[in-house]
Amino acid sequence: MDALIEKLKGQIIEQLNLAEVKPADINPDAPLFGDGLGLDSIDALELIVLLEKHYGIKIQNPADGKKIFESVRTMAQFIKDQGKS
Amino acid sequence: MTLEVFTSYHNIISPLGFTTKENYSAILNNKLGVKPHRLGKLNEEFCLSVIDEQKINSASEKIKGASLFTKLEKLSILSICDVLDQSGISLRDPKTLLIYSTTKGNIDLLDSSVKHSFPNERTYLSVMANMIGKYFNAVNKPLVLSNACISGLLAIITAQRLIKARQYENILVCGGDLVTEFTTSGFKSFNALSQEPCKPFDAKRTGINLGEAVSTILITKNKLAPTSMQIVSGASANDANHISGPSRTGDGLFKAVSQTLEGNKIKIDTISAHGTATPYNDEMESIAFERAGLINVPVNSLKGYYGHTLGTAGVLETIISIEAASNNQLIRSAGFSEKGVTGNIQIIKEHQPIIPETYKPF
Amino acid sequence: MELNITSYCTIKNKIIFVNGKELSVPKQDVASYFFADAYKHLEINYPKFHKMDNLSKLGIIATEAALKGSDFLQRNSPESVAIILSNKASSLDTDRNYQNSINSKDNYLPSPATFVYTLPNIVIGEIAIKHKITGENAFFVSDGFDPQLLVNQAQISLNQPGTKAAICGWVDYDNGMADALIYLVEKASDSIKNINFNPLNETILTQFYK
């Protein structure tokens, strides 16, 4: 799980063009949206692209993203539950 | 003394026709430009308003050296040509300016899978506008505006102000944008595209349709055309909310509408709204119109006919509104059946004559 | 109407000049980006910055540098400030990136976070959002830096009843080259009489842009 979390951090940084953010700056339990990394609705769509690109997971209903993208940890858990880690 | 500024001759090229007259009569007959299309590598069909390629080619035969021009340049030349022919105005006159309004210009040239012989520099908006200007031997360099969805209206407001400031006597405002895989895939990635004809302000609206069109309107110091109308006022505002989403309370639009109405004792017969048929945009607009006290004014969106035509939307929709007003006509908001916004506004369900004196703001 | 430039920032070849003086921006490490170094040095402290495209980053850095040490936003309420910008390459730098994400059928993953920046006026939006500026705005595209266009449009905008001041200039990002001049425009008044300012005209703009 921890390895997956670290991998995800790197992928999030790459996918969202957060060039100046370092993986260590991201707390796996901090909220991704709102205060945390300051992500917004467009970034949520971008994270859906990330899941498809790296893990072959397709999210049909973007509303499902809300729970999945709560934090890096919830994202990792979701990937694991899908058996795609 | 402050000058009055007028609209005069105009043209629309869209799937509904190559002149304003053809477009207007298609609308009266409830014809829609939006139809299901499958574009490039997109694996789903979406409703898009696309101009028939063969019609463009045959219309372009009258352009000298047509092969030297891109699709958007050809359409723009045809549209401007029609307005120049109607008005007798020339771009060789130093008192005449061309303002070009576009969001993406020749963006189709970036697609490496499509073979073409145009140099890279034609993707620069000013280079494209200069090509169009050169065709008409324009003495003034075209002014290019690229301000997303408000480009077209901003170009008209800019023209009005430049004439008021006595810098020009005639300004041709031409707006143009194409339907491309670039914009279509992008709006799809926002989950904003509808597979059905779009339904602005409707309870069951499912997102936008994209549309391509080029339209031109001549703005003048003198009343030139039988259907000339005065441009009284216009304003824009930024809602400083989010780069891709409007303020939920319609702050920016409310400010722009209030500033436009301020100090102008005129009655408002109708509103042609942006009405993109996305959930947030239409909701926000309804709230802003209600806040501005425009609750009894009949409202339409023309997106149901043309889709969202981006940089030309404001020009095209102004022309249709002028044509409708000069025929004392309110235009049905295509795609609307049941109100799906919380703001108290009246959406036009059927074509009908303008009801006089419906609303007086003062 | 007499208009004045009360502060300005020029960015050329990765060198930042504020009111004509070069700003020495230390590199954080060998691999750090110019924009990241400038962001840190100017203490911008705005996490959204990192997600922006190059054009928006350039516009934000030049604007923040011009605003730093200026009381422009204290003197002028945000609803009365217009933003008028121009450039040559519109959003082509980001357009090309986005096009690359849809060019191949095998690697077809259009990026919404990239697409959202494929309009030149997004840089205006970013500046407006950061400072809650709600005045009118316009983005013009020209063959090159055009002082006549910029002076004229500022004059016209500041003639509107709702506009008291403006953030204006040139922000161009193309083929890795960042080129900007952002300046703050205010009407002559008692509140600026004690600060250094320059008249807004074509000669001054040409001089500042060099």
Side-chain angles (χ1 to χ4, degrees), chain A residues 7-66 68-72 75 78-79 82 84, chain C residues 25-58 60-61 91 93-98 100-102 104-119 122 125-126 129-130 173 176 178:
Chain A
K7 195 164 111 190
L8 257 179
K9 284 185 186 175
Q11 288 164 343
I12 290 170
I13 288 169
E14 194 213 328
Q15 190 78 29
L16 297 179
N17 308 314
L18 302 169
E20 294 96 7
V21 177
K22 295 181 184 70
D25 299 339
I26 303 177
N27 173 351
D29 297 303
L32 280 167
F33 292 86
D35 291 342
L37 274 179
L39 305 188
D40 61 21
S41 56
I42 299 292
D43 301 314
L45 297 171
E46 196 66 39
L47 293 179
I48 294 177
V49 175
L50 184 154
L51 288 181
E52 185 177 344
K53 186 159 121 187
H54 293 292
Y55 301 95
I57 301 172
K58 281 196 184 201
I59 296 177
Q60 298 299 351
N61 183 4
D64 296 343
K66 212 168 180 183
I68 302 165
F69 302 135
E70 240 173 62
S71 67
V72 178
M75 259 182 97
F78 174 75
I79 296 166
Q82 300 278 312
K84 301 277 172 96
Chain C
V25 178
K27 271 192 93 58
Q28 299 170 69
D29 55 72
V30 277
S32 62
Y33 300 92
F34 164 65
F35 287 142
D37 295 338
Y39 170 83
K40 190 145 196 224
H41 184 67
L42 290 163
E43 299 170 313
I44 293 175
N45 203 3
Y46 187 63
K48 270 191 202 167
F49 176 86
H50 303 297
K51 294 189 299 172
M52 293 177 193
D53 74 338
N54 290 318
L55 183 64
S56 291
K57 281 180 178 163
L58 177 63
I60 288 280
I61 284 172
S91 56
D93 175 63
T94 304
D95 294 353
R96 293 181 195 117
N97 283 340
Y98 179 76
N100 286 337
S101 80
I102 59 166
S104 118
K105 202 177 168 99
D106 305 325
N107 194 15
Y108 191 77
L109 286 163
S111 157
T114 307
F115 184 70
V116 76
Y117 284 100
T118 59
L119 291 167
I122 294 293
E126 292 288 13
I129 292 165
K130 184 159 190 312
Y173 192 94

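All chains are named by letter (A, B, ...) in the order of the sequence lines, taking the proteins before the strands, and each is independently numbered beginning at 1.
Atom NZ in C:Lys51 sits 9.0 Å away from atom CD1 in A:Ile42 (nearest 0.5 Å). Atom CG in C:Leu109 sits 12.5 Å away from atom CD1 in A:Ile48 (nearest 0.5 Å).
Inter-residue side-chain proximity for A:Val49 and C:Pro112 is flagged as met; some heavy-atom pair is nearer than 4.5 Å.
Atom OH of C:Tyr46 is surrounded by more than 12 heavy atoms from other residues, nucleotides or ligands within 6.0 Å. For C:Lys130, the NZ atom counts as densely surrounded, since its 6.0 Å shell holds more than 12 non-hydrogen atoms of other residues, nucleotides or ligands.
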